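Everything below concerns the one structure shown next.
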Amino acid sequence: MRLSQYFLPTLKETPAEAQIVSHRLMLRAGLVRQMSAGIYAWLPLGYRVLKKIEQIVREEQDASGAQEVLMPTIQSADLWRQSGRYDAYGPEMLRIVDRHEREMLYGPTNEEMITTIFRDAVKSYRDLPRNLYHIQWKFRDEVRPRFGVMRGREFLMKDNYSFDLDKAGAIHSYNKMFVAYLRTFARMGLKAIPMRADTGPIGGDLSHEFIILADTGESAVFCDKSLVDKDILGRAIDFDGDLQPTVNEWTSLYAATDEMHDQARFEKEVPADRRVAARGIEVGHIFYFGTRYSKPLNAVVAGPTGESIAVEMGSYGVGVSRLMGAIIEASHDAQGIVWPDSVAPFKVGLINLKPDDGAVTGACQTLYAKLSAAGVETLYDDRDQRGGAKFADMDLIGLPWQVIIGPKGVAAGKVEVKNRRTGQREEMAPEALLARFGA
RNA sequence: CGGGGCGUAGCUCAGCCUGGUAGAGCGCUUGCCUUGGGCGCAAGAGGCCGUCGGUUCGAAUCCGGCCGCCCCGACCA
């Protein structure tokens, strides 16, 4: 993409409305614009990142055996009356009346709907287990939206729902999600730590929050440092095999949020040099809740001997749009965002230091064409701007690699490569650069 | 939902207390200059001062209603 043609409205100054760093950077780097309190429009660069985050979530869900569906944003009030949550949910639910005076709502979650879909279609234990997910916009009318997309009213969420015949099966489904989440967040360059959680209004007796560590996190968290150091991506995972040992490996070590924290236990179980007291941001939450919805909504199947069995369920959420804020909180510096490779909107930012110099521009265009042809996502800054402005913008938007081409380098047959995260610079021939990026 | 604050140019803000029809910096446009870290010079464009009403000869400024946004707390993916 040529920057001269790209819609990328960066800001030199920080908008007054933004307080926390990720919100400021998202506004300044031209990723989003606020349309109302807690409601954002995604601009081209931000939308690219959102789609990358979404895709990683999708790939890991698919790998675990979950199947993607897409349910509507608007639901009927009747559906929610059946589970008893219509009145219980309170003013957080955005209620709508259509032209026929039918009561509708903008869905804050989908347990009722998916349970109904499942109930109407599945009648036999032979059709279990199933795990269905979707990635859809949700709305919760928060009293006080804040922190940009991290606590918006409208947000993109991956939520899924598992259906099993018995509790053992449901626990296995739960474990699959547990491991899939470890992998999902690790692929985004995050250190996500599962912490035993309060099950809250969704109900149930087994639940974990996945929390990433960031200095600006919303709540205090405590854990064993060994958890931070664990690596899930290096392992081969068999989702059909026994995942309990893997889950146990993570859950056996101390990890707790503020409200579940027990200082005495913490000090007893974790050696002083491994005690981590930090701030965290919740990016995922998994629940096992048994028959909490299957019973009131009559989601039953016929068992092997013909008896009716209410299915055992769990639900699992990932805050997709929130993750963008969380990733920035966890990965930025004074100059701007530092995207992890896997979610970066472009891999390479190509800077033309002297657009009116034929040799420089020629070298840039050749390189840009070759990188693009090889599938290396490249944002080419061909604007008629001074070098300083280009460096500042490129640092702000945080692409992992900057390739800088100026008259001196071209004369010497070299281009300069800068690593955004480390700041390390290297000069090399264009061919070497292409080889480096696999082009 | 309790408490507090703010709405003036695209952005950050001054002006308001002590009423007389609007300013700065950045950004934008044009020209010159410059070209490795938001450079310099010059000339421009751009605002019914959130909105409705009241007071007044006269309101960005004083008073009231409404709308919007932000912060602290309670609440939450």
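Treat the numbers as computed from the prediction; the structure is a model and nothing was measured. Chain identifiers are assigned alphabetically (A, B, ...) following the order of the sequence lines, protein sequences preceding nucleic acid strands; residue numbering begins at 1 within each chain. Excluded from the calculations below are hydrogen atoms, water molecules and symmetry mates; all remaining heavy atoms, backbone and side chain alike, are included.
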| Once you round it to whole Å, what is the distance between C1' of rC69(B) and CZ of Phe147(A)? | 16 Å
| Opposite nucleotide pairing with rA43(B), Watson-Crick or G-U, both atom distances under 3.5 Å | rU29(B)
| Paired with rA24(B): which nucleotide, if any, by Watson-Crick or G-U wobble criteria at under 3.5 Å for both distances? | rU12(B)
| message | Output the rounded distance in Å from CE (Met394(A)) to C1' (rG36(B)). | response | 14 Å
| request: Measure from the side chain of Glu92(A), starting at C-beta and using heavy atoms only, and say which of rC69(B), rU35(B), rC76(B) lies closest. | output: rC76(B)
| request: Figure out the CZ/C1' separation between Phe287(A) and rC76(B), and round it to whole Å. | output: 11 Å
| said: Whether Gln34(A) contacts rC70(B) is assessed here as follows: a side-chain N or O lying under 4.0 Å from the phosphate OP1 or OP2. Is that the case? | reply: yes
| message | Taking Asn419(A)'s backbone N and O only, do any of them form a donor-acceptor pair with Arg425(A)'s side chain (distance below 3.5 Å, no angle check)? | response | no
| query | When only distance counts, do a donor and an acceptor, one from the side chain of Arg140(A) and one from the base of rC76(B), lie under 3.5 Å apart? | reply | no
| query | Under 4.0 angstrom, heavy atoms only, what part of the nucleic acid is Gly152(A) near: base, sugar-phosphate, or nothing? | reply | base
| request: Describe the nucleic acid contact of Lys12(A) in one word from base, sugar-phosphate, nothing, applying a heavy-atom distance below 4.0 Å. | output: base
| message | When the C1' atoms of rA60(B) and rG15(B) are compared, how many Å lie between them, rounded to an integer? | response | 8 Å
| message | Considering every strand and a 4.0 Å limit on heavy-atom distances, what is the contact class for Asp393(A): base, sugar-phosphate, or nothing? | response | base
| task | Answer yes or no: does a side-chain N or O of Arg146(A) lie under 4.0 Å from OP1 or OP2 of rC76(B)? | result | no
| task | Determine the interatomic distance between C1' on rA9(B) and the same-named atom on rC17(B); round to the nearest Å. | result | 25 Å
| Quick one: Gln19(A) CD to rU12(B) C1', roughly how many Å, whole number? | 14 Å
| note | Leu27(A) atom CG is separated from rU12(B) atom C1', nearest whole Å, by 13 Å
| query | P atom, rU29(B) versus rC70(B): distance in rounded Å? | reply | 30 Å
| field | Nucleotide of rG37(B), rG38(B), rC70(B) approaching Phe391(A) most closely (side-chain heavy atoms) | value | rG37(B)
| request: Write down the partner of rG7(B) under the Watson-Crick or G-U wobble criteria, each distance required to be under 3.5 Å. | output: rC67(B)
| request: Sticking with atom P, work out how far rU8(B) lies from rU51(B), rounded to a whole angstrom. | output: 10 Å
| What's the CZ-P distance between Arg151(A) and rC76(B), to the nearest Å? | 9 Å
| request: May I ask you to say whether Glu60(A) pairs ionically with Lys158(A), meaning some side-chain N is under 4.0 Å from a carboxylate O? | output: no
| field | Out of rA74(B), rU12(B), rU35(B), whichever nucleotide has its closest atom nearest the side chain of Arg386(A) | value | rU35(B)
| query | Which nucleotide, rC76(B), rC70(B), rG38(B), lies nearest any side-chain atom of Glu17(A)? | reply | rC70(B)
| With respect to the side chain of Ala37(A), which nucleotide from rC1(B), rU35(B), rC70(B) is positioned closest? | rC70(B)
| Electrostatic pair Asp224(A):Lys230(A) at N-O distance under 4.0 angstrom | no
| query | With a 4.0 Å cut-off on heavy atoms, is Glu13(A) in touch with a base, just the backbone sugar-phosphate, or nothing at all? | reply | base
| query | Now, which nucleotide makes the Watson-Crick or G-U wobble pair with rC49(B), with each of the two distances under 3.5 Å? | reply | none
| Pairwise C1' distance, rU12(B) and rG73(B) [rounded to whole Å] | 29 Å
| For RNA chain B, whose closest nucleotide is more 5', that of Asp356(A) or that of Thr14(A)? | Thr14(A)
| field | Nucleotide rG38(B), atom P - distance to CG of Asp384(A) in whole Å | value | 16 Å
| task | Would you check, one step at a time, whether the test side-chain contact (heavy atoms from CB on, under 4.5 Å) holds for Phe391(A) with Leu353(A)? | result | CA-CA 9 Å; Phe391(A) 291 132; Leu353(A) 278 178; 3.7 Å; yes
| Nearest-Å distance, CD (Glu142(A)) to C1' (rG73(B))? | 15 Å
| message | Judged by each residue's nearest nucleotide on RNA chain B, which is more toward the 5′ side, Ile405(A) or Val283(A)? | response | Ile405(A)
| task | Identify whether any heavy atom of Ala16(A) sits under 4.0 Å from a base atom; if not, whether one sits that close to sugar-phosphate; answer base, sugar-phosphate or nothing. | result | sugar-phosphate
| Testing Leu31(A), Val149(A), Val49(A) for side-chain contact (heavy atoms from CB on, under 4.5 Å) with Trp42(A), which one passes? | Val149(A)
| request: Verify the contact: side-chain N or O of Arg144(A) to OP1 or OP2 of rC71(B), cut-off strictly under 4.0 Å; return yes or no. | output: yes
| query | Taking the same atom, C1', in rC1(B) and in rC57(B), what whole-Å distance lies between them? | reply | 46 Å
| Looking only at heavy atoms, what is the nearest atom pair of Ser331(A) and Pro340(A), with distance? | OG-CD, 4.4 Å
| query | Using a cut-off of 4.0 Å on non-hydrogen atoms, how would the nucleic acid contact of Asp357(A) be classed: base, sugar-phosphate, or nothing? | reply | nothing
| query | Across all strands shown, which nucleotide pairs with rC62(B) by Watson-Crick or G-U wobble geometry, both distances under 3.5 Å? | reply | rG54(B)
| rG27(B) base to Arg28(A) side chain: any donor-acceptor pair below 3.5 Å? | no
| said: Within the 4.0 Å heavy-atom criterion, would you say Ser36(A) contacts the bases, only the backbone, or no part of the nucleic acid? | reply: sugar-phosphate
| Looking across every strand, which nucleic acid part, if any, lies under 4.0 Å from Lys418(A) by heavy atom: base, sugar-phosphate, or nothing? | base
| message | For the P atoms, the ones on rG44(B) and on rG25(B), what distance do you get once it is rounded to whole angstrom? | response | 14 Å
| said: Please report whether the ring centroid of Tyr174(A) lies less than 6.0 Å from that of Phe287(A). | reply: no
| field | Under 3.5 Å donor-acceptor pair, Gln385(A) side-chain atoms to rG38(B) base atoms | value | no
| Contact check, side chains of Ser342(A) and Lys52(A), non-hydrogen atoms, under 4.5 Å | no
| request: For residues Gln136(A) and Met71(A), report the shortest heavy-atom separation together with the two atoms involved. | output: NE2-O, 2.8 Å
| said: Within the 4.0 Å heavy-atom criterion, would you say Leu353(A) contacts the bases, only the backbone, or no part of the nucleic acid? | reply: base
| note | In Watson-Crick or G-U wobble terms, with both distances under 3.5 Å, the base opposite rG73(B) is rC1(B)
| query | What interatomic distance, in whole Å, is found between P of rG64(B) and the corresponding atom of rU18(B)? | reply | 15 Å
